[in-house]
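So that the names make sense, note that chain A is the first sequence line, chain B the second, and so on, each numbered from 1. Since we're looking at a predicted model, the values are computed, not measured.
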Amino acid sequence: MNDTPLLEMKNITKEFPGVKALDNVSFRVAAGEIHCLVGENGAGKSTLMKILSGVYPHGEYSGDILFGGELQSFGGIRDSENTGIGIIYQELALIPEMTVYENIFIGHEIKNGMMVDWNETIRQASEMLKKVKLNVNPAVKVKELGVGKQQLVEIAKALSKDVRLLILDEPTSALNEDDVANLFDLLRDLKVQGVTCVMITHKLKEIMEIADSVTVLRDGRTICTLNARNGEVSENVLIKHMVGREIDNIYPKREHKRSEEITFEVKDWCAYDPARERDILKNANFYVKKGEIVGFSGLMGSGRTELALSIFGNPERYHLQGEMFVYGEKMQFHHPEEAINAGVAYVSEDRKRNGLILIQDVKQNVTLANLREIAQRGVVDDNAEIKIANEYKDSLNIKTPTIEQKVLNLSGGNQQKVSLAKWLFVKPNILILDEPTRGIDVGAKYEIYTIMNRLVEQGMSIIMISSELPEILGMSDRVYIVSAGEITGELPIEEATQEKIMHLATKN
Amino acid sequence: MSFINDLQKVLKQNIREYGMFIALFVIWAVFAVLTDGIFISSRNISNLLNQTGYIAVLGIGMTLIIVIRHIDLSVGFLAGFLGAVAAIAMAFWGWPVYLVIPVVLLIGLLLGFIPGFLVAQMGIPAFVATLAGFLVYRGAILVVTEETGTIIIANDVFNAIGNGFIPDIPVNFMPEVHKLTLLLGIIAIVLFVVGELNGRRTKQAYNFEVLPMNIFILKLAFTALLIGGMTWVLAGYNGLSWTVVVVLLVMGIYYFVSTKTVLGRHIYAVGGNPEAAELSGVNVKKITYVVFGQMGMLAALSGMLFASRLQSATTTAGTLFELDAIAAAFVGGVSAAGGVGKVTGALIGALVMASLTSGMNLMGIGISYQYMVRGAVLAAAVIFDVATRSRR
């Protein structure tokens, strides 16, 4: 390895009104390595990357950025792109209605005089697609592709700009295991071709798998940079550095109590989505008992979220068949409101898109689903609201200056806790959690798991949808496996293993 | 020195909230100077407020429409049409005024449900659905006024809404001044101060951030001065007009509903994130119906205020009202992205726009330039809004 690092960020300090987001952070990336950047939510990873990519231009922070040995002062995203830095955000920046080739060259179109040279664009796009090993027709619309393929298009787009440093912000959060393996192969390939990679991630397993080095940030400071190739990195070491303490077990222990009371049951449940013109659920049968956590495992797109939505008042207007029983009573919900009234709650998968109202404050979000409880004759009691919000802030340990803080200013883990608080306030008997810990850090995960355990202790039934197998195995009492809209298996936790689950999940 | 610093800090932090008031104040001050004080004469201010009334009520309703990310282009001609309906009911059918007003309001509500249905149920963009309404109501006005042309309204009670003033206390004391208006003004100031003090105490009890004491006192003094000044100016002419009473009443109800009730919270939740609101058990369709329905009802009120002011229903009533209402809402700080905007803002916005018209009329500026100035002010208001938004 070369002695001059490709990237060196020295003594970076960035302040927002009232908070020091980065405090004297240093970050070195050697040429030709895959460097993982880890840290809890709010540790400063995103801020650091925003400085590097020019979102926060030179002058809004203090410290130096050296790229290829030269001092840089980016005035905007364009500058950093021209220098050879490409960033791929968690939320992909593609235009769904445009074709793959249009997307790849958007913003730096290949021109012939004043006109776009489409033939040359398509030719070069095909080349880029080959580079990222994506075998699709460049003329298809991006919306036709799955998330995994869309991400490859993003990478192709970055490569078309001659990147030397590729930054990926939690690239695997929406991918299934195949896509992840595919992506990692590609990153290793790119490494050989001379593209250096910085990957922000929460998934420690992935770090073990792919990283050459790891830098840990905590509370806006660099904690350490470790070499991942000589065995000094292990999950425990990383967790210790990230949270500043050791967590013995990521999944807090709980006795698997067996109650016989079935609280929720679905029989011969079928759903047809008129928008996509296809069946999305076929003959699903399952039940949940009191005080039980039932895991729903399956690949991305297998129909788990659709299953949850079809139960929870069917907001997507699927055509449904089958029977649903809540505490033995046959029920039908025509709107989420009816599901809520029957004691069912659904914490959605994507808290930003359909979980929270980001421009409103913590207390408004917490009380939204159950305003009636704190209202008299339709008038909201402000004092009761403040009291409730503060109770949940304390009991779920939501880190916010006050409950009047807008939710959009909170970190991912705390946003997730607000989302959870909202649903706990409706006092449900049956709680559906869809990817309850997606995109949040280890510390917050542990807290969420602890809360889940507390809830089932109190007799709540939890349906937990998760793409992370360790989470399914660590938290569930029983596991259902969903594959292509069908429940292909049911395993008590004692019999469940990663291999068995993956086998059933790929059955269809 | 620290007082000045505090003031700067508070103004900076709350520039969005106070910006409109400051803008209105500046506009009034400038016109007061340019017209040698005629602009702030009792008579002119009283007129100005009466002219603002029918746009202000539309602006208030429009604010909620824009908050839930829609638009309503039909309200102008709907107002004109319903004004004509009210006139016909009184002039030709001989209905008593106390029946006409609630019936027309009810018709407005029901007609408002039509775009509500098209938008919520059929999924038609509000722009298109209400543009269709715009055309239909334009035609409808012509139909109902075809035979008669302008319909004269002879009912004194009805006409008083747009032209009359509240009665005075019949005592022989300060004969030049409208004493009931003055009394109401003083009551308003007292209520405001008591409300602010209570709010501050509650906030402190919960350890929320409050204004520094000196700034708080300044705010109270400034607002008291504003209400007091307005009251004094109005009391010097004929006192509070019925139009202003109606607008304040509507304002009060809407402020209460939008900030204190479950319904209001649901409306803002739908505006902030419709998917999240739906999944939280808020019936987005129902909210869409309610918001379009209230807009129809306020259009009816606006139409009657206008007809009452002219003491007649004309074939062109309602022309461009919808655009004035939209302008008032945007000047008042509503965000097209949804979920943000106060109904009080629309009132100030309507006052800003009406003040421009009134002031420029007094200065003898031609109508062509008036349009340009108002356009520029609208653009400036939204630029200001966007600029102060991105800073946080």
Side-chain angles (χ1 to χ4, degrees), chain A residues 16-17 308-309 312-313 315-316 333-341 344-348 350-360 363-365 367-383 385-387 389-390 401-404 406-409 419 422-423 426, chain B residues 9 12-13 16 67-69 120-121 123 195 198-199 201-210 253 255-287 290 334-341 389-392:
Chain A
F16 293 107
L309 287 175
F312 188 68
E316 301 288 330
F333 303 140
H334 303 97
H335 190 273
E337 193 180 2
E338 293 176 20
I340 294 167
N341 291 340
V344 182
Y346 170 66
V347 182
S348 69
D350 188 337
R351 57 183 167 264
K352 285 186 181 157
R353 201 169 66 78
N354 51 22
L356 296 166
I357 296 174
L358 295 172
I359 57 169
Q360 294 191 351
K363 73 175 153 52
Q364 287 170 320
N365 272 283
T367 55
L368 177 62
N370 196 13
L371 276 172
R372 252 167 231 111
E373 166 112 11
I374 51 161
Q376 277 171 346
R377 286 192 220 93
V379 180
V380 178
D381 178 347
D382 292 339
N383 286 328
E385 177 171 45
I386 291 166
K387 224 177 108 212
N390 270 326
T402 74
I403 52 169
E404 297 208 313
K406 282 184 183 168
V407 171
L408 100 161
N409 294 329
S419 193
K422 171 170 86 174
W423 289 111
V426 310
Chain B
K9 205 176 124 205
K12 230 178 190 165
Q13 277 173 356
R16 285 171 57 80
V67 159
I68 64 162
R69 307 181 177 193
Q121 224 75 35
N198 277 338
R201 213 170 297 136
T202 318
K203 284 206 158 196
Q204 276 171 329
Y206 288 112
N207 284 326
F208 290 161
E209 207 182 334
V210 290
I253 293 169
Y255 177 76
F256 178 78
V257 170
S258 67
T259 59
K260 302 285 178 198
T261 65
V262 173
L263 176 64
R265 297 287 287 276
H266 282 182
I267 291 171
Y268 281 80
V270 168
N273 186 345
E275 288 91 6
E278 178 85 5
L279 281 179
S280 302
V282 177
N283 195 328
V284 175
K285 278 184 185 170
K286 196 178 99 190
I287 295 295
V290 168
V334 73
S335 155
V340 177
R389 192 186 308 266
S390 59
R391 200 160 45 188
R392 286 288 290 175

**Asked** Considering only heavy atoms, which portion of A/Leu368 lies under 4.5 Å from any heavy atom of chain B: side chain, backbone, both, or neither?
**Response** both
**Prompt:** Applying a criterion of heavy atom separation less than 4.5 Å, what residues of residues 255-262 of chain B form contacts with chain A?
**Reply:** B/Phe256, B/Lys260, B/Thr261, B/Val262
**Request:** Might you point out which heavy atoms bring B/Leu279 and A/Ser348 nearest each other, and give the distance in Å?
**Result:** CD1-CB, 4.2 Å
**Asked** Taking all atoms of both residues into account, what is the closest heavy-atom pair of A/Trp423 and B/Ser280, and its distance?
**Response** CH2-CA, 3.6 Å
**Request:** Identify which part of B/Lys286 has an atom lying under 4.5 Å from any heavy atom of chain A, answering side chain, backbone, both or neither.
**Result:** neither
**Item:** Whether A/Tyr346 and A/Phe312 hold their rings parallel, tilted or perpendicular, with breakpoints at 30° and 60°
**Value:** tilted
**Request:** Applying side chain to side chain donor-acceptor pair (under 3.5 Å), name anything that partners A/Glu316, two or more places apart in sequence or on another chain.
**Result:** none
**Asked** Which residue out of A/Thr402, A/Ile386, A/Ile340 racks up the most heavy-atom pairs below 4.5 Å with chain B?
**Response** A/Ile386
**Asked** Is there side-chain contact between B/Val67 and B/Val334, with at least one heavy-atom pair below 4.5 Å?
**Response** yes
**Prompt:** Nearest heavy-atom pair of A/Gly313 and A/Phe333: which atoms, and what distance?
**Reply:** CA-CB, 3.7 Å
**Message:** Please check: side-chain N/O of B/Ser335 versus main-chain N/O of B/Ala337, any donor-acceptor pairing under 3.5 Å?
**Reply:** yes
**B/Tyr268: partners by ring pair (Phe, Tyr, Trp, His ring centres under 6.0 Å), with sequence neighbours left out** = none
**Asked** Hey, which of A/Arg377, A/Lys406, A/Arg353 has the most heavy atom pairs under 4.5 Å with chain B?
**Response** A/Arg353
**Item:** A/Asp382, part contacting chain B, at a heavy-atom distance under 4.5 Å
**Value:** side chain
**Part of A/Leu358 within contact of chain B (heavy atom distance under 4.5 Å)** = neither
**Request:** With a 4.5 angstrom heavy-atom cut-off, could you sort out which part of A/Lys352 is near chain B: side chain, backbone, both or neither?
**Result:** backbone
**Prompt:** Under a 4.5 Å heavy-atom cutoff, which of A/Ile403, A/Leu371, A/Asn365, A/Asn370 has the most pairs with chain B?
**Reply:** A/Leu371
**Asked** chain B heavy atoms under 4.5 Å from A/Gln364: which part of the residue, side chain, backbone, both or neither?
**Response** both
**Request:** Could you pull out all residues at least two apart from A/His335 that satisfy side chain to side chain donor-acceptor pair (under 3.5 Å)?
**Result:** B/Glu278
**Request:** With rounding to the nearest 0.5 Å, note down the distance linking CD1 in A/Ile359 to CG in B/Asn273.
**Result:** 8.5 Å
**Prompt:** Is chain B contacted by the side chain of A/Ser419, its backbone, both, or neither, given a heavy-atom distance below 4.5 Å?
**Reply:** neither
**Item:** Heavy-atom closest pair, residues B/Val284 and B/Pro274
**Value:** CG2-O, 3.7 Å
**Message:** Looking only at heavy atoms and a cut-off of under 4.5 Å, which of A/Arg372, A/Lys422, A/Lys387 has the most pairs with chain B?
**Reply:** A/Lys422
